[in-house]
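Just below is one structure, and these are the notes that go with it.
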Amino acid sequence: MNFLSDIVSGIVEKINRLLYIKPVVSVPQISVENKIKLRKEVSNTLFSVLSGEKTVLSALSGFPKNTYDESVDVCFHILMHLEADEDIRKKDNDYREEQDDFILNIAQILQEGGDVPINIIKEYNDFYKETLIYPEINKKTIISRLKKFINI
C-alpha cells in the first residue's frame, strides 16, 4: 500500500509542477531605436488622452501588445487606473489635477526615451499581479487561457 501511495504522490507532484510552476521564459531584447520609437508612441497616446483627443478606452484598445518594455507596460496599467477613477475625478478637482500631472510627467519621460522610475513600475506591478495586456492569439495562449478557465 505504501508503494502505491508513493507512486500517486509522485505523479501528483509532477502534475502540480507542470501546471503551477511557471517556466522561466527569456524575454526577447528589443533594439534601442525600437524601444524609443515605442515609448514615443505611448507618450503620444498619453498626451492624446490628457488633451481629450482620445478616450481612455480607445487608447487601451489600441495599446501596443507584447512590448517587453516595463516602462511601456506600466502605462497600460496607468490608463486602466485612470478609467477606474473616472467617478472620483469628476467629484474631486484636486485629485484629477494630481493624476493628470502624474500622467503628464510619465508621458514627458517616455517622450524623451527615458525609463519610468522603478518605484512606479513596482507599485503598479504589485497592484496588478498579472499583466492586463492580452498576448497574441496562438496555440500557446489558447491553452494557457483554457487552463486558467478550468482552474488548473
Side-chain angles (χ1 to χ4, degrees), residues 13-152:
E13 182 181 328
K14 286 179 182 178
I15 290 173
N16 282 335
R17 201 174 316 126
L18 174 70
L19 296 176
Y20 295 110
I21 297 176
K22 290 184 180 179
V24 176
V25 178
S26 62
V27 177
Q29 296 295 319
I30 58 176
S31 70
V32 174
E33 295 83 18
N34 286 340
K35 185 183 283 191
I36 290 172
K37 180 181 173 188
L38 182 64
R39 288 179 179 187
K40 287 185 178 191
E41 177 187 332
V42 171
S43 171
N44 290 336
T45 299
L46 294 176
F47 287 134
S48 295
V49 168
L50 287 175
S51 68
E53 292 175 30
K54 272 189 179 180
T55 65
V56 175
L57 292 178
S58 68
L60 289 170
S61 67
F63 205 85
K65 293 176 176 46
N66 299 331
T67 65
Y68 305 109
D69 182 356
E70 286 184 316
S71 291
V72 169
D73 293 345
V74 76
C75 292
F76 185 87
H77 299 303
I78 289 170
L79 288 171
M80 290 290 293
H81 194 92
L82 179 66
E83 180 65 20
D85 287 351
E86 184 180 355
D87 293 343
I88 298 170
R89 291 171 55 83
K90 286 180 182 176
K91 295 176 187 173
D92 188 343
N93 288 334
D94 292 335
Y95 182 82
R96 185 184 72 245
E97 288 176 13
E98 187 176 321
Q99 195 174 37
D100 287 351
D101 288 344
F102 171 76
I103 295 170
L104 181 62
N105 183 35
I106 297 297
Q108 289 170 337
I109 290 170
L110 292 176
Q111 191 67 38
E112 297 168 1
D115 294 329
V116 172
I118 194 69
N119 63 320
I120 293 171
I121 292 171
K122 284 184 178 182
E123 182 178 329
Y124 277 92
N125 284 346
D126 288 345
F127 189 68
Y128 297 106
K129 296 288 183 200
E130 297 179 18
T131 183
L132 297 176
I133 302 171
Y134 286 114
E136 301 297 325
I137 301 297
N138 57 35
K139 181 181 174 183
K140 184 179 175 184
T141 57
I142 290 171
I143 291 171
S144 68
R145 286 183 186 183
L146 285 172
K147 284 181 184 177
K148 196 172 199 175
F149 178 73
I150 59 177
N151 200 20
I152 59 170

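Quick caveat, the model's predicted, so the values are computed rather than measured.
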Distance check, rounded to the nearest 0.5 Å: Glu41 atom CD versus Cys75 atom SG? 11.5 Å
Which pairs pass side-chain hydrogen bond (donor to acceptor under 3.5 Å, both in side chains) with one or both residues in residues 103-114, sequence neighbours excluded? Ser43-Gln111
Treating Ser71 as the side-chain partner and Val116 as the backbone partner, does any N or O pair qualify as donor plus acceptor under 3.5 Å? yes
Hey, could you give me the CG/CZ distance between Asp101 and Arg96, rounded to the nearest 0.5 Å? 11.0 Å
Counting C-beta onward and ignoring hydrogens, is there a side-chain heavy-atom pair between Ile120 and Ile106 closer than 4.5 Å? yes
Can you measure from CG (Leu50) to OG1 (Thr45) and round to the nearest 0.5 angstrom? 11.0 Å
Using a cut-off of 6.0 Å, state whether more than 12 heavy atoms not belonging to Lys40 lie near its atom NZ. no
Does the side chain of Phe63 come within less than 4.5 Å of Val72's, by heavy atoms? yes
Salt bridge (charged side-chain N to carboxylate O under 4.0 Å, His left out) evaluation trace for Lys37 with Glu33: CA-CA 6 Å; Lys37 180 181 173 188; Glu33 295 83 18; over 6 Å; no
For the atom pair NZ (Lys90) and CG (Asp85), what is the distance rounded to the nearest 0.5 Å? 12.5 Å
Could you check if a side-chain atom of Leu46 sits within less than 4.5 angstrom of a side-chain atom of Leu79, using non-hydrogen atoms only? yes
Can you tell whether the side chains of Asp115 and Arg39 come within less than 4.0 Å, N to carboxylate O? yes
Between Pro117 and Ile109, is there a side-chain heavy-atom distance shorter than 4.5 Å? yes
Using the side-chain contact (heavy atoms from CB on, under 4.5 Å) definition, which of the options Leu60, Leu82, Ile78 pairs with Val49? Leu82
Within this structure, what is the CG-CD distance for the pair Asp92 and Glu97, rounded to the nearest 0.5 Å? 9.5 Å
Between CZ on residue Phe47 and CD1 on residue Ile103, distance to nearest 0.5 Å: 11.5 Å
